[in-house]
Amino acid sequence: MCCSGFLKIMMFIFNGCIFLAGATIMGVGVWVKVDSGSLLGLLDTIEDAPAGLAQLANVSYLLIGVGAVLLVMGFLGCCGAVKESRCMLLTFFIIVLIIFLAEVAAAVVVLVFDQVADDLLKSLKDEVKTSIQKDYGQSESMTSLWNATMEEFKCCGFSDYTDFSNSTYYKDTEGTYPTVCCNATITTTCNEYAAHSSAIDGCFDKLLQLIKDNALIIGGVALAIAAIEIAAMVVSMTLYKQIGDKA
């Protein structure tokens with residue numbers, strides 16, 4: 001009896017963590033979806049983008065879906081423990097097992113194909129440059145999106161300031177570049193000389209650096225989630241067996 005009570009408490013703790021993780025992931029997904037200044041928002045504006053990269057624009061739906069599944073998992077685990085429902089506990093175990101196996105498969109793919117994302121983004125260089133030269137300064141939504149992205153990440157263009165050469169903005173302002181492409185200390189017009197001297201990094205380099213800087217955190221969170229999932233599966237199966245023995 002004491003052991004059964006302890007297992008129920010552990011199920012509450014594990015599933016509470018899973019439920020909170022689901023709510024957090026779903027919240028991030030909603031934020032990415034409504035954040036018009038996100039780098040992912042730029043993918044929708046690029047013509048002839050590779051099909052694989054275009055799917056990145058839908059990452060918000062993936063996060064919302066994963067968050068929803070985790071919420072359901074947390075609910076099933078808690079209810080199964082309280083009501084001592086073998087059906088709920090077994091369903092919970094199967095869902096966690098499937099997700100765990102999918103996470104292992106994803107980790108293997110990332111380790112084996114760690115250069116895929118890098119190569120995929122590099123292949124966009126010409127398409128993004130064409131999009132900037134065509135729409136920046138002409139399309140209000142495109143201009144606002146790029147301005148918000150460059151301000152947020154303190155970057156200039158996809159590769160560098162030359163992406164804006166011969167754009168509508170460049171022609172309308174008689175050969176100047178967005179102010180973010182020049183250092184704040186430069187008080188003159190952000191012309192080609194000032195932009196070249198400032199040497200502001202492109203947003204592509206900033207994005208890769210952001211991913212690298214947070215890789216350790218992402219890996220740590222993934223390991224913690226995997227540990228919780230394994231523990232939850234062990235506890236759920238133990239409870240499942242105990243309930244069966246009582247019957």
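Here, residue 1 is the first one in the sequence, and each next residue gets the next number. Since this is a predicted model, take the numbers as computed values, not measurements.
- No hydrogens or angles considered: nothing links the side chains of Ser198 and Tyr161 as a donor-acceptor pair under 3.5 Å.
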* To do: Decide yes or no on side chain to side chain contact (heavy atoms under 4.5 Å, CB included) for Val180 and Asn147, but give the supporting numbers first.
  => CA-CA 8 Å; Val180 72; Asn147 287 339; 6.0 Å; no
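- Taking all atoms of both residues into account, the shortest heavy-atom contact from Leu89 to Tyr240 is CD1-N, 3.9 Å.
- Closest approach of Cys155 to Lys206, counting heavy atoms only: CB-CG, 3.6 Å.
- Of the N and O atoms on the side chains of Asp160 and Thr162, at least one donor lies less than 3.5 Å from an acceptor on the other residue.
- For the atom pair Ser167 OG and Asp172 CG, the distance stands at 8.5 Å (nearest 0.5 Å).
- Both Ile230 and Val235 belong to a single network of hydrophobic side chains, linked directly or stepwise wherever heavy atoms of I, L, V, M, F, W or Y lie under 4.5 Å apart.
- Here the straight-line distance linking atom OG1 of Thr24 with atom CG of Leu71 works out to 9.5 Å at 0.5 Å rounding.
- We find the CG-CD1 distance between Leu90 and Ile94 to be 4.0 Å, quoted to the nearest 0.5 Å.
- Residues Asp201 and Phe153 fail the side-chain proximity criterion, which asks for heavy atoms closer than 4.5 Å.
- Taking CG of Leu239 as the start and CE of Met88 as the end, the distance is 14.0 Å to the nearest 0.5 Å.
- Considering every non-hydrogen atom in both Ile18 and Leu70, the closest pair reads CG2-O, 3.4 Å.
- Counting all heavy atoms, side chain and backbone alike, Asp163 lies closest to Ile132 at O-CG2, 3.5 Å.
- Across every non-hydrogen atom of Trp146 and Val128, the tightest pair is CZ2-CG1, 3.7 Å.
- Hydrophobic clustering (ILVMFWY, side-chain heavy atoms < 4.5 Å, transitive): Tyr170 and Tyr193 are in distinct clusters.
- Listed by chain and number, the residues in a ring-ring contact (aromatic ring centres under 6.0 Å, His included) with Phe19 amount to none (sequence neighbours excluded).
- Every residue two or more places apart in sequence or in another chain that forms a ring-ring contact (aromatic ring centres under 6.0 Å, His included) with Tyr136 is listed here: Phe164, Tyr169.
- Ser236 places a side-chain N or O within 3.5 Å of a backbone atom of Met233 that can act as its donor or acceptor partner.
- Checked by atom type and distance alone, the side chain of Asp135 never pairs as donor or acceptor with a backbone atom of Gln138 at under 3.5 Å.
- Atom CE of Met150 and atom CG of Leu145 lie 10.0 Å apart (nearest 0.5 Å).
- Linking ILVMFWY residues whenever their side-chain heavy atoms come closer than 4.5 Å, directly or via other members, leaves Val96 and Phe12 in distinct clusters.
- Residues Val69 and Met73 meet the side-chain proximity criterion, which asks for heavy atoms closer than 4.5 Å.
- When hydrophobic side chains of Ile, Leu, Val, Met, Phe, Trp and Tyr are connected at separations under 4.5 Å, Ile200 ends up as a singleton with no cluster partners.
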* Checking side chain to side chain contact (heavy atoms under 4.5 Å, CB included) for the pair Glu192/Tyr177: CA distance, chi angles, key distance, verdict? -> CA-CA 7 Å; Glu192 185 173 2; Tyr177 296 89; 3.9 Å; yes
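- Of all heavy-atom pairs spanning Met142 and Ser131, the tightest one is CE-OG, 3.0 Å.
- Between the Gln133 side chain and the Ser165 main chain, a donor and an acceptor come within less than 3.5 Å of each other.
- Less than 2.5 angstrom separates the SG atom of Cys156 from that of Cys181.
- Judged by distance alone, with hydrogens and angles left aside, the side-chain atoms of Thr168 form no donor-acceptor pair with the main-chain N or O of Gly137 at under 3.5 Å.
- Using a 4.5 Å heavy-atom cutoff, the side chains of Ile99 and Glu229 are in contact.
- Hydrophobic clustering (ILVMFWY, side-chain heavy atoms < 4.5 Å, transitive): Ile98 and Phe14 are in one cluster.
- Under the 4.5 Å side-chain contact rule for hydrophobic residues, Phe92 and Met237 share a cluster.
- Phe75 has its side chain out of reach of Asn15: every pair of non-hydrogen atoms, C-beta onward, lies at least 4.5 Å apart.
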